[in-house]
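Report on one structure; see the data block that follows.
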Amino acid sequence: MRSVGIDPLTTDAILISHCHPDHYLDAEILIEAMTEGGTRKQGVLAGSLSVIEGNGDFGPAISNFHLSKPKVVKIMEPFSKMSLKPLEITATPSAHSDTSSVGFRILTTGGMVSYVSDTQLVEQVIKAHRHCRLLIASVTRPLGNRIPHHLSTEDAGYLIEKTKPELAVITHFGMRVIQENPETQAKWIEERSGVKTVAARDFMMLDLGKDDITVSDRIRQVPDK
Ligand SMILES: [Zn+2]
């Protein structure tokens, strides 16, 4: 956040899809920032049941101390809705090892952004992410290397072909994806689906313009002190 000049104290809301540490580990630190070190009861924390209360072997991910700090704490189940003006958030279903995992649909003034978190590719996930401008998918494994409970490049290709967003971004790469080159995976998906697909990179910025979505690199806005 510092590298791109975003002040963590300006955080309004934190959305957490599920209770695996690669998805929740910074949450308590961000809650501290959002509530100005716990001195102001403000902001929204929304997360899966596992993150907020615990679900079976998973969670909770947030201490009672940190749960007491935001103004609103909300458990998101598939199709739960939340208004964060001007955004409207809807949770989507996932089929993951943390069974309470969700994804998110974020309706912005620039159109619908769909975030697909860790999940196996199942029909209800595909259905939930139709009709969006931008689809962001967590792709953990490259071509020919599928593992349970996560999307591989083939899965993402099928998902993107069926949901037909204006632009797809793949992210959350496992080591095998890094070794096989994320750009190569994105190109394969683009050829299969006919949808422009880019591999996320650090500091990538996406701008939902009226006519198209532009991809650029965020320039540092705050000079070093
Ligand atoms: Zn996970």
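Whatever order the structure lists ligands and atoms in, that order sets their numbers, starting from 1. Please read these numbers as outputs of a predicted model, since none were measured by experiment.
- At a cut-off of 2.8 Å, His150 is not counted among the residues with an N, O or S atom near the Zn ion (ligand 1).
- Shortest distance from the Zn ion (ligand 1) to Asp118 is reached at OD2 (N/O/S atoms only).
- Separation of the His23 and His172 ring centroids falls under the 6.0 Å cut-off.
- Leu45 is not listed as a side-chain neighbour of His66, based on a closest heavy-atom distance of 4.5 Å or more.
- Looking only at its N/O/S atoms, His96 has NE2 as the one nearest to the Zn ion (ligand 1).
- The nearest N/O/S atom of His20 to the Zn ion (ligand 1) is ND1.
- A 4.5 Å side-chain heavy-atom check between Ser48 and Asn55 finds every atom pair outside the cut-off.
- The side chain to side chain contact (heavy atoms under 4.5 Å, CB included) with Ile136 is formed by just one residue from the set Val113, Ile170, Leu167; it is Val113.
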